[in-house]
A.B. asks: 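Here it is, the structure, as structure tokens.
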2 protein chains.
Amino acid sequence: MARARISDVAAAAGVSTATVSLVLNDRTARITDATRDRVRRAAEEVGYTPNSVARGLRTQRSHTVGLISDRIATTPFAGRMLAGAQDVAREHGILVFLVDTDADETVEREAIRALAAQQVDAMIYACMWHRVVDAPSSLPRGTVFLDCRPADGGFPAVVPDDRAGGVAAVRALVAAGHRRIAYVDVDEPHPPVASDLRHEGYLQVLAEAGIDPDPALHVRCDTSSAGGREATDRLLDLPEDHRPTALFCFNDRIAAGAYVAAHRRGLAVPQDLSIVGYDDQQLVAADLDPPLTTVALPHYEMGRWAMEVALGIRTPDDPDAPHLMPCPIVDRDSVGPPPATAASDSRRRT
Amino acid sequence: MARARISDVAAAAGVSTATVSLVLNDRTARITDATRDRVRRAAEEVGYTPNSVARGLRTQRSHTVGLISDRIATTPFAGRMLAGAQDVAREHGILVFLVDTDADETVEREAIRALAAQQVDAMIYACMWHRVVDAPSSLPRGTVFLDCRPADGGFPAVVPDDRAGGVAAVRALVAAGHRRIAYVDVDEPHPPVASDLRHEGYLQVLAEAGIDPDPALHVRCDTSSAGGREATDRLLDLPEDHRPTALFCFNDRIAAGAYVAAHRRGLAVPQDLSIVGYDDQQLVAADLDPPLTTVALPHYEMGRWAMEVALGIRTPDDPDAPHLMPCPIVDRDSVGPPPATAASDSRRRT
DNA sequence: AGCCGCTGCTAAATCGATTAAACAACTGCG
DNA sequence: CGCAGTTGTTTAATCGATTTAGCAGCGGCT
């Protein structure tokens, strides 16, 4: 039992295929209501669903979008971007091709070619983390960059507002009374966009609060639990009057390592050490003990934004600058006032 | 500058479109090498890429596959299934439509319709966890079930061999000398396929080892760190001669909770308590201290299997039973011999 | 010369839709 | 009655490929 074609509907309704097409697509053509009914009933009866391939060939719109990513789909991390993009796509009857290239340029080129051959209506180029990328030359113009910025501009892009995120995180710590706040940064393995922006936010808040940044409180480590633990150990080994009372960690995994380091010394979070993470990773942030205060990456919203721009539903405010998506802070239980000794000390220094 | 069509190539080479098609598809037709060269050069020159939509219409093969999932793409969990499926697809020049339905039946039905309309060559129906599902009636026959079993059979399916995984986990504990081994099971919110199978494996190993299963050592809890911690507390509150020396946890999150419970009582892992998890979740298992011995879910391999069957590259051994994919144990540092007192006790009981 | 068979290539049908143009039937009007 | 204008529907071209059947040209054979 092959799928019903438009000609089957036409035969069943006793009209031409043109009429069927006109009726089913609600074209404002001069067709009597009686005929319209007959066609619709016939379509129902034979179980007709238009063949999108044939329609796409004729109309030159495939109602598909290609989403190319380095490895979003296979990372625990950024799947919410896909969800956002998909939700918008679904709302508009669009199907999404997903290609994970594993950051392999050959695969990437081939994927772009294959997607173009499939006549996708738009493409989205997505990254696992916020970074700067060289746009592959074969990318069609109008391709939307998701969670990355094209090195030379020329494409709409959406990225998290990491600077504002850093501001929010450090402000929370300052508001709790901390003065000696460390930034446990990542050991830049990549163009360190996110890292730098969060650092800028950190510095901005210190400046606002009249706190001199202490270079010793900016440490770097591997982006892992072990790295965070080791870096935190270094910080906690500092002489007492330089020791931080709060940590702003580049991400939640590093923060998890900070917890381990603190616990090993018998320090309680947040009584003895306040910690703020970044990313709001499920399975990390909320499962820590106590639950981690962190900054959420707006993956879902970025995914939506990218798809909306790709489909032409919205246009970027400034076509030449990436759209900055706010990163909301999520308050949990890892931030408290600094310990009494440190608090008095900080007061002394003010 | 529109894309080059086959007629552009034909014009450039001074031949008909038929000849171009014949040459570029390597049809064994009677065409001189000189002409072949001319066509290929012309194609190169105008930058010709065949329009897959037009080709798909004519050949009735779209070189696309639809992958419907409840929420694979947006879960940190099972992205490796996608990677496996995609790798196979890419190796065969197939593009993958991904649709996350969020387990909404309306969305699901609509997705199946849209994919059928796009003339996908095959469909894969995937779940986030191993469970039994009612196959939507509109699924085309031959649809491959990935990480789930259709309630009434009739479709090829691949699932993890949870029974064998349970066997492997518990055998590791028995081999280390444990006799009082608890199974920290999940509180069945769903058809508990995985849970039951792992339990069967657990019981089988106990039987092999001549250990009487103690019902008090089979506890259930919420599938979360908090749940695991609470359940472990219950177990550790047992009188000493009933207290388990080892835990087989339904998953890594529960195991993470078990760590917390143990640490809170000053018990060291594995010296005082051995723990085995399940799932080998990145960001959980390896980041625990000490790293967790666990059983890996073969997501990547299952994804490959499903796509291979979908593309007809391989056929299931037994078309009526789900294919069982082995779950390898990954040995890390959370299993050791039972503490001396317990060990002597267990010897007494043998 | 006439016919056969082979080689190299092309004409044209086809896939299943959309849509502009054409057409038949009817109405209204002078 | 004859012509123009409407209305309701159909005809046919089109999208860009694949593929079958067939045509033209040539060499060999009788």
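All values below come from the heavy atoms of this structure, side chains included, with hydrogens, waters and symmetry mates left out. Fair warning: this is a prediction, and the values are worked out from it, not measured in the lab. The chains referred to below are lettered A, B, ... by the order of the sequence lines, with proteins before strands, and numbering in each begins at 1.
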A.B. asks: Of the listed nucleotides (D:dT19, D:dT11, C:dA17), which one gets closest to any side-chain atom of B:Ala18?
C.D. replies: D:dT19

A.B. asks: Students often get this wrong, so: under 4.0 angstrom with heavy atoms, is B:Ser52 touching a base, only sugar-phosphate, or nothing?
C.D. replies: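 Nothing, no heavy atom under 4.0 Å.
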
A.B. asks: In whole angstrom, give the distance that lies between atom CZ of B:Arg61 and atom C1' of D:dT18.
C.D. replies: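 Whole-Å distance recorded here is 14 Å.
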
A.B. asks: With a 4.0 Å cut-off on N to O distance, would you call A:Asp104 and B:Arg90 a salt bridge?
C.D. replies: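 Judged by the 4.0 Å cut-off on N to carboxylate O distance, A:Asp104 and B:Arg90 do not form a salt bridge.
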
A.B. asks: Just compare D:dA17, C:dG16, D:dC15 and give me whichever is closest to any side-chain atom of B:Gln60.
C.D. replies: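 My answer, after comparing the listed nucleotides, is C:dG16.
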
A.B. asks: Do A:Pro160 and A:Met302 have side-chain heavy atoms sitting under 4.5 Å apart?
C.D. replies: yes

A.B. asks: Take atom CZ of B:Arg27 and atom C1' of C:dG8, then tell me their distance rounded to the nearest Å.
C.D. replies: 17 Å

A.B. asks: Regarding A:Arg30, tell me which of base, sugar-phosphate or nothing describes its non-hydrogen contacts under 4.0 Å with the strands shown.
C.D. replies: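 Base contact.
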
A.B. asks: Between D:dG16, C:dC9, C:dT19, spot the one nearest the side chain of B:Leu57, thanks.
C.D. replies: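 Side chain of B:Leu57 sits closest to D:dG16.
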
A.B. asks: Reckon B:Thr59 touches a base, only the sugar-phosphate, or nothing at all at heavy-atom distances under 4.0 Å?
C.D. replies: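 Result for B:Thr59 = sugar-phosphate.
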
A.B. asks: Under 4.0 Å between a side-chain nitrogen and a carboxylate oxygen: does that hold for A:Arg304 and A:Glu308?
C.D. replies: yes

A.B. asks: Flag the pair B:Leu146 / B:Val158 as yes when at least one side-chain heavy-atom distance between them is below 4.5 Å, and no otherwise.
C.D. replies: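 Of all side-chain heavy-atom pairs linking B:Val158 with B:Leu146, at least one is under 4.5 Å.
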
A.B. asks: Using heavy atoms to find the nearest nucleotide of DNA chain C for B:Ser16 and A:Ala4 separately, return the residue whose nucleotide is more 5′.
C.D. replies: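 Nearer the 5' end of the strand: B:Ser16.
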
A.B. asks: To the nearest angstrom, how far is A:Leu22 atom CG from C:dG16 atom C1'?
C.D. replies: 16 Å

A.B. asks: Examine D:dT9: is either OP1 or OP2 under 4.0 Å from a nitrogen or oxygen in the side chain of A:Thr35? Give yes or no.
C.D. replies: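 Looking at the OP1 and OP2 atoms of D:dT9, one of them is under 4.0 Å from a side-chain N or O of A:Thr35.
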
A.B. asks: Atom CG of A:Asn25 to atom P of C:dT19: distance rounded to whole Å?
C.D. replies: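 After rounding, the reported distance stands at 7 Å.
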
A.B. asks: Ignoring backbone atoms, establish whether B:Tyr48 has a side-chain N or O less than 4.0 Å from OP1 or OP2 of D:dG16.
C.D. replies: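 Indeed not, no polar side-chain atom of B:Tyr48 lies that close.
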
A.B. asks: Determine, for A:Arg71 against A:Asp100, whether the closest basic-nitrogen to carboxylate-oxygen distance falls under 4.0 angstrom.
C.D. replies: no

A.B. asks: May I ask you to say what B:Thr32 touches in the nucleic acid, namely base, sugar-phosphate or nothing, with a heavy-atom cut-off under 4.0 Å?
C.D. replies: sugar-phosphate

A.B. asks: Test for a donor-acceptor pair under 3.5 Å between the base of D:dT14 and the side chain of A:Arg58, counting only N and O atoms.
C.D. replies: yes

A.B. asks: A:Asp26 has an atom CG; how far is it from atom P of C:dT19, in whole Å?
C.D. replies: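 Value for this atom pair: 13 Å.
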
A.B. asks: Rounded to the nearest angstrom, tell me the gap between atom CD in B:Gln119 and atom P in C:dG16.
C.D. replies: 8 Å

A.B. asks: Could you give the CZ-to-C1' distance, from A:Arg5 to C:dC15, as a whole number of Å?
C.D. replies: 10 Å

A.B. asks: Hey, does B:Val53 reach any base, or is it just sugar-phosphate, or nothing, if we go heavy atoms under 4.0 Å?
C.D. replies: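 Nothing: the residue B:Val53, judged by heavy atoms under 4.0 Å, touches no strand.
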
A.B. asks: Just checking B:Thr19: base, sugar-phosphate only, or nothing, at a heavy-atom cut-off of under 4.0 Å?
C.D. replies: base

A.B. asks: Is the closest basic N to carboxylate O distance between B:Arg113 and B:Glu110 below 4.0 Å?
C.D. replies: yes

A.B. asks: Taking CZ from A:Arg55 and P from D:dT14, how many angstroms apart are they, rounded to a whole number?
C.D. replies: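 The distance from CZ of A:Arg55 to P of D:dT14 comes to 21 Å, rounded to the nearest Å.
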
